[in-house]
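Since we're looking at a predicted model, the values are computed, not measured. Residue numbering restarts at 1 for every chain, and letters A, B, ... go by the order of the sequence lines.
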Number of protein chains: 2
Amino acid sequence: MLKLSKKADYGLMALQYIASVQFDDVARARIVNTKEIAEEYHIPVELLAKVLQALAKHGLVESQNGPKGGYLLARNAGAITIAQVLEAIEGPLGIADCYHDKEESVCVQREHCNIRTPLRKVQDSIYQLLNSMTVEDMMGGTPLITIQPTTTAEGVER
Amino acid sequence: MLKLSKKADYGLMALQYIASVQFDDVARARIVNTKEIAEEYHIPVELLAKVLQALAKHGLVESQNGPKGGYLLARNAGAITIAQVLEAIEGPLGIADCYHDKEESVCVQREHCNIRTPLRKVQDSIYQLLNSMTVEDMMGGTPLITIQPTTTAEGVER
DNA sequence: ACTTTGTCCGACTAATTTGATCGGAGACCT
DNA sequence: AGGTCTCCGATCAAATTAGTCGGACAAAGT
C-alpha cells in the first residue's frame with residue numbers, strides 16, 4: 001500500500017546517481033548515459049531510458065544525443081524535489097482523484113462523501129513533505145562513503 | 001500516483017459512517033449492515049462486504065451475523081487510526097518493499113541502492129502522519145454540510 | 001563528405017495488481 | 001424446525017503497470 005512504482009524508484013536512483021557524478025566531477029561535468037546507470041543498479045536499460053525520457057520531457061534533466069551523449073541535471077540538485085520527480089514520472093500525485101478538479105472524475109459518491117475534506121489534509125501533508133525534500137537531501141542524507149574506490153557507491157548500512 | 005485504492009476509500013467511508021451512527025444513537029448502539037452503507041454511498045455491495053470482512057478480521061470492527069446483524073466499531077473511534085485501516089485492507093504499507101524485512105523482497109539493487117535510507121525517512125514521516133489521524137478526526141474535521149435533506153448523520157461540531 | 005556507431009525516442013506486448021462477482025455457510029426470527 | 005437474511009471465502013474480469021521492440025537522430029571516425 002502506498003508503494004511507489006518501480007519506475008519511480010528507478011527515476012530517483014538515476015537522479016541521485018547523476019547528481020553524485022556531477023558533484024564529484026564538478027569540474028568535468030561528465031555526462032552519464034542510460035546504460036551506465038542501468039548496469040550500475042541492475043535495472044532494464046530500456047525501462048530506465050523511458051523514465052529518463054519522462055524526466056527530460058518535464059525539464060528535470062537535459063538530454064544530449066549521439067555518442068558520448070547522455071543526461072545531466074537541468075538545475076541544481078537542491079532545486080529538484082521528490083514531488084517533482086514523482087509527478088514527472090507518474091503524473092499528478094494525490095491519494096484520491098477528486099482533488100485534481102478534472103472533469104473525468106465525477107465520483108458518484110461525491111455528494112455524500114464524508115472523507116473528502118479530512119483526506120485532503122492528509123494529502124496536503126504528504127505533498128508538502130515530498131516537496132520539502134530534494135535529491136540533494138538524498139545525497140546528503142546518505143552516508144555516502146567518503147572513500148570512493150572505483151565507481152561504486154557501496155552502500156548504506158545501519 | 002500515491003493514490004489509495006477504492007477498497008481503501010470504501011473502508012474509510014464505511015468506518016466514518018458507522019462511527020457517525022454510533023455517535024448519534026449512542027444510546028441505541030444501532031448496528032449497521034453492509035447494504036445500508038453501500039446504498040448510502042452508491043458502491044457495490046459485495047465489494048464493500050469484502051472490505052468490511054477484512055476490517056473485522058483485523059479486529060477493527062465487530063461483526064454480527066443473522067438478520068438484524070451487521071457491523072459496529074470494535075473500539076472507540078479515536079482509537080482507530082487511518083494507518084491501521086489501510087494496513088487491514090491493503091496489507092502493510094510502505095513506499096518500498098525493502099523495508100518490510102520479508103525475505104521475498106531481495107531487491108537485486110539493494111547493495112548499490114542509494115535511495116534506501118533517505119526514502120525510509122519519507123516513509124516514516126508518512127506513516128507517522130497516518131497514524132496520528134483517527135476516524136474520529138474524520139468526523140470532527142469534516143465541515144460536513146450543515147443542511148442535509150434526507151437522512152442523516154449530521155452532526156458533531158467542534 | 002559519407003559511413004558507421006551509439007544514443008534517445010515512441011509504440012507495442014506481456015504480466016501483475018486491482019475491481020467486481022458468485023455461490024455457500026452460519027445465525028436469528030417466526 | 002423452516003425460512004430468511006447476513007457474513008464469508010473462492011473465483012472471474014478489467015485496468016494499471018512492467019518490460020520489450022524497432023525506428024529516428026546526432027556525433028564521431030574514416
Side-chain angles (χ1 to χ4, degrees), chain A residues 1-11 14 18 30-39 41-58 60-72 74 86 88-93 95-97 104-105 107-109, chain B residues 1-11 13-14 18 30-39 41-58 60-72 74 86 88-93 96-97 104-105 107-109:
Chain A
M1 192 59 211
L2 279 184
K3 187 181 56 171
L4 42 84
S5 67
K6 289 191 177 180
K7 287 198 291 185
D9 284 337
Y10 297 160
I18 296 174
R30 187 162 75 81
I31 291 181
V32 296
N33 62 359
T34 307
K35 191 181 173 188
E36 177 182 343
I37 305 176
E39 288 183 351
Y41 296 113
H42 303 94
I43 59 186
V45 188
E46 296 86 0
L47 184 56
L48 177 61
K50 213 181 142 185
V51 171
L52 288 174
Q53 287 165 27
L55 292 178
K57 200 166 193 174
H58 285 255
L60 294 177
V61 295
E62 300 278 347
S63 70
Q64 191 158 329
N65 218 342
K68 294 285 293 175
Y71 293 95
L72 74 159
L86 296 182
I89 297 175
E90 299 277 355
L93 52 82
I95 56 179
D97 289 327
E104 71 262 20
S105 56
C107 182
V108 280
Q109 52 257 34
Chain B
M1 193 60 208
L2 279 183
K3 184 181 61 170
L4 42 83
S5 66
K6 288 191 177 180
K7 287 198 292 185
D9 284 337
Y10 296 161
M13 288 189 215
I18 297 175
R30 187 162 74 83
I31 292 181
V32 298
N33 61 0
T34 306
K35 190 181 172 188
E36 177 181 343
I37 305 176
E39 288 182 350
Y41 297 112
H42 302 94
I43 59 186
V45 189
E46 295 85 0
L47 184 56
L48 177 61
K50 212 180 143 186
V51 172
L52 290 174
Q53 287 165 28
L55 293 178
K57 201 167 193 173
H58 284 255
L60 294 177
V61 295
E62 299 276 347
S63 69
Q64 192 158 332
N65 216 340
K68 292 288 293 178
Y71 293 94
L72 74 159
L86 296 183
I89 296 175
E90 300 277 354
L93 51 84
D97 288 328
E104 71 261 21
S105 56
C107 184
V108 280
Q109 52 259 34

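Phosphate contact (OP1/OP2 of C:dT7, side-chain N/O of A:Thr34, threshold under 4.0 Å): absent. Residue A:Ser63 places at least one side-chain N or O under 4.0 Å from the OP1 or OP2 atom of C:dC9. Within the 4.0 Å cut-off from OP1 or OP2 of C:dT18, not a single side-chain nitrogen or oxygen of B:Tyr10 is found.
Residue whose closest nucleotide on DNA chain C sits further toward the 5' end, between A:Pro67 and A:Gln53: A:Pro67. Along DNA chain C, the nucleotide nearest to A:Lys35 and the one nearest to B:Leu47 differ in position, and the one closer to the 5' end is contacted by A:Lys35.
Computed from coordinates, the B:Asn65 CG to C:dG24 P distance equals 17 Å when rounded to whole Å. One atom, CG of B:Asn33, and another, C1' of C:dA27, lie 15 Å apart when rounded to the nearest Å. For the pair A:Leu52 CG and C:dC8 P, the computed distance is 8 Å after rounding to whole Å. Taking atom CD of B:Gln64 as the reference point, atom P of D:dC8 lies 11 Å away to the nearest angstrom. Whole-Å rounding puts the B:Leu48 CG to C:dT18 P distance at 18 Å. Whole-Å rounding puts the B:Lys68 NZ to C:dT30 C1' distance at 15 Å. Rounded to an integer number of Å, the gap from NZ of A:Lys6 to P of C:dT17 is 9 Å. In this structure, A:Ile31 atom CD1 and D:dA27 atom C1' are separated by 12 Å, rounded to whole Å.
Using a 4.0 Å heavy-atom criterion, one finds that A:Lys50 contacts the bases of the nucleic acid, with or without backbone contacts as well.
Put simply, the side chain of B:Ile31 does not reach to within 4.5 Å of the side chain of B:Lys68, judged on heavy atoms.
The CG atom of A:Leu52 lies 5.5 Å from the CD1 atom of A:Ile37; values are rounded to the nearest 0.5 Å. Interatomic distance, CG of B:Asn33 versus CD of B:Glu39, reported as 8.5 Å (0.5 Å rounding). Atom CD1 of B:Ile18 is separated from atom CD of B:Glu62 by 11.5 Å, given to the nearest 0.5 angstrom.
Nearest heavy atoms, A:Leu48 versus A:Thr34: CD2-O, 3.7 Å.
When the nucleotides C:dC8, C:dG19, D:dA18 are ranked by their closest atom to the side chain of B:Lys7, C:dG19 comes out on top.
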